[in-house]
S.K.: 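Sharing a structure below in structure tokens format, with a few things to ask.
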Amino acid sequence: MTIDPFTTTEPQIVASILSADFAKLGSEIGDVLAGGADFLHLDVMDGHFVPNISFGPAIIKSARHVTRAFFDAHLMISEPVRYAPAMVKAGAQSLTFHVEVVDDPATTAREIRKLGCRVGITLNPATPVEKILPALDDVDVVLIMSVVPGFSGQKFMPEALPKAREVKKRLRKNQRLEMDGGLHLETIAAARDAGVDWFVIASAIFDAPDRKAAIAALRAKL
Ligand code: DX5
Ligand code: ZN
């Protein structure tokens with residue numbers, strides 16, 4: 001388990017709880033962290049920006065009570081600045097917003113940073129990298145979506161790889177490159193080769209019969 005993933009440049013396996021069984025979320029979290037996941041990715045969806053609804057601050061707060069692991073919240077919501085304070089109060093330590101929902105991404109990043117958390121920016125597969133460049137100096141993380149956001153278990157989109165390369169060459173040493181969607185044993189090495197630092201994985205961990213073995217096999221590819 002990694003308490004502050006910015007203190008290491010080692011590749012990080014980030015378990016996305018979207019594929020967890022929410023009836024037993026505490027033990028699901030314990031299971032993947034004991035199984036070797038470095039920290040947790042929390043997919044917040046509003047049914048507006050994406051065609052699915054997941055969870056919000058109440059679940060993050062409950063999860064916060066069962067672990068000290070770093071919480072990376074992926075805000076798939078139309079009004080990230082409006083809900084950011086509640087996410088931080090609930091225990092999220094990094095908030096990643098979508099560039100598609102804001103007019104001025106650098107200002108949004110600075111607004112979120114005022115809350116005392118880390119800040120990430122992300123973009124849909126259809127959004128060009130140029131859109132995020134004005135905010136690059138103001139974020140800690142760039143998240144490249146390798147599926148259309150909304151659901152776990154989708155097929156990896158290789159178009160994400162050149163975008164990752166493009167971003168990686170512009171990042172400072174204290175910034176991290178994250179990829180999310182469709183990562184599994186057959187796709188994770190290509191993401192690594194494109195410069196990804198943080199690998200977000202839901203179904204390839206949670207749906208595996210032996211999660212510890214699944215995480216070890218994924219890490220062996222990095
Ligand atoms: C998709 C979410 C992802 C998702 C990944 O909208 O942002 O974090 O949980 O799921 P897998 O790893 O199954 O593609
Ligand atoms: Zn996500």
Side-chain angles (χ1 to χ4, degrees), residues 1-2 5 8-22 24-25 27-45 50-52 54-55 63 67 69-76 94 96 98 120 122-127 129 141-168 176-222:
M1 180 164 78
T2 309
T8 178
T9 53
E10 289 295 306
Q12 300 286 293
I13 303 265
V14 190
S16 164
I17 65 166
L18 192 59
S19 288
D21 179 346
F22 287 94
K24 46 177 183 177
L25 185 57
S27 65
E28 293 280 85
I29 287 172
D31 198 31
V32 296
L33 291 172
D38 291 303
F39 58 97
L40 299 179
H41 181 85
L42 309 172
D43 284 311
V44 177
M45 303 182 186
V50 287
N52 193 12
S54 57
F55 55 80
T67 180
F70 191 82
F71 279 4
D72 165 38
H74 175 192
L75 304 182
M76 286 162 273
S94 180
T96 293
H98 270 267
T122 185
L123 70 173
N124 285 339
T127 304
V129 160
V141 183
V142 175
L143 169 59
I144 306 287
M145 288 307 300
S146 39
V147 296
V148 176
F151 299 90
S152 53
Q154 301 184 78
K155 194 170 176 296
F156 182 75
M157 298 172 71
E159 305 91 288
L161 298 170
K163 288 167 98 174
R165 283 197 186 87
E166 184 62 34
V167 170
K168 183 71 172 192
R176 298 291 180 270
L177 183 62
E178 184 174 29
M179 189 169 278
D180 183 8
L183 291 172
H184 53 74
L185 282 180
E186 312 310 322
T187 53
I188 196 167
R192 174 207 61 200
D193 291 346
V196 171
D197 303 297
W198 294 0
F199 304 83
V200 177
I201 303 168
S203 50
I205 292 176
F206 281 96
D207 297 350
D210 180 340
R211 291 162 173 176
K212 186 173 184 176
I215 292 165
L218 287 160
R219 201 183 293 283
K221 298 275 185 188
L222 300 177

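This chain uses plain numbering: 1 for the first residue, then up along the sequence.
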S.K.: If we only count heavy atoms from C-beta on, is the M179 to F199 side-chain gap below 4.5 Å?
M.R.: no

S.K.: What distance separates D180 CG from S146 OG, expressed to the nearest 0.5 Å?
M.R.: 6.0 Å

S.K.: Would you indicate whether the side-chain heavy atoms of E10 and R219 approach each other to under 4.5 Å?
M.R.: no

S.K.: Does any non-hydrogen side-chain atom of R165 lie less than 4.5 Å from one of L161?
M.R.: yes

S.K.: Tell me, yes or no, whether the heavy-atom count around K212 atom NZ, taken from other residues, nucleotides or ligands under 6.0 Å, exceeds 12.
M.R.: no

S.K.: Please find the pair of heavy atoms, one from N124 and one from P149, that lie closest to each other, and give the distance.
M.R.: OD1-CG, 3.0 Å

S.K.: Are any of the side-chain heavy atoms of I13 and I205 separated by less than 4.5 Å?
M.R.: yes

S.K.: What I'd like to find out is whether the side chain of I17 reaches to under 4.5 Å of the side chain of E28, using heavy atoms alone.
M.R.: no

S.K.: Which atom names give the shortest non-hydrogen contact between P5 and F39, and what distance separates them?
M.R.: CB-CE2, 3.5 Å

S.K.: Indicate yes or no: at least one non-hydrogen side-chain atom of P51 is less than 4.5 angstrom from one of F151.
M.R.: yes

S.K.: Are side-chain heavy atoms of H41 and E178 found at a separation under 4.5 Å?
M.R.: yes

S.K.: Quick one: which of V196, D193, L218 gives a side-chain contact (heavy atoms from CB on, under 4.5 Å) with I188?
M.R.: L218

S.K.: Give a yes-or-no answer on whether the side chains of H74 and D72 include a donor-acceptor pair shorter than 3.5 Å.
M.R.: no

S.K.: List the steps and the verdict of side chain to side chain contact (heavy atoms under 4.5 Å, CB included) for W198 and D38.
M.R.: CA-CA 10 Å; W198 294 0; D38 291 303; over 6 Å; no

S.K.: Stepwise, does the side chain to side chain contact (heavy atoms under 4.5 Å, CB included) test hold for V44 with F55?
M.R.: CA-CA 6 Å; V44 177; F55 55 80; 4.2 Å; yes

S.K.: Could you tell me which non-hydrogen atom of K221 sits nearest to which non-hydrogen atom of A189, and how far apart they are?
M.R.: O-CB, 4.2 Å

S.K.: Do you know the tightest heavy-atom contact between G182 and V147?
M.R.: N-CG1, 3.8 Å

S.K.: Please find the pair of heavy atoms, one from V141 and one from S94, that lie closest to each other, and give the distance.
M.R.: CG2-OG, 4.5 Å

S.K.: Can you name the nearest heavy-atom pair linking L222 to P11, along with the distance?
M.R.: CD1-CB, 3.8 Å

S.K.: For I144 and T122: C-alpha separation, side-chain torsions, deciding distance, then whether side chain to side chain contact (heavy atoms under 4.5 Å, CB included) applies.
M.R.: CA-CA 6 Å; I144 306 287; T122 185; over 6 Å; no

S.K.: Could you tell me the separation between the NE2 atom of H184 and the CZ atom of F156, rounded to the nearest 0.5 Å?
M.R.: 8.5 Å

S.K.: As an exercise, state the distance from OG of S27 to CG of D21, rounded to the nearest 0.5 Å.
M.R.: 7.5 Å

S.K.: From L18 CG over to S152 OG, what is the distance, rounded to the nearest 0.5 angstrom?
M.R.: 4.5 Å

S.K.: Hey, does L33 have a side-chain heavy atom less than 4.5 Å from the side chain of L40?
M.R.: yes

S.K.: Rounded to the nearest 0.5 Å, how far apart are CD of E159 and CE of M145?
M.R.: 13.0 Å

S.K.: Rounded to the nearest 0.5 Å, what separates atom CE in M157 from atom OG1 in T187?
M.R.: 13.5 Å

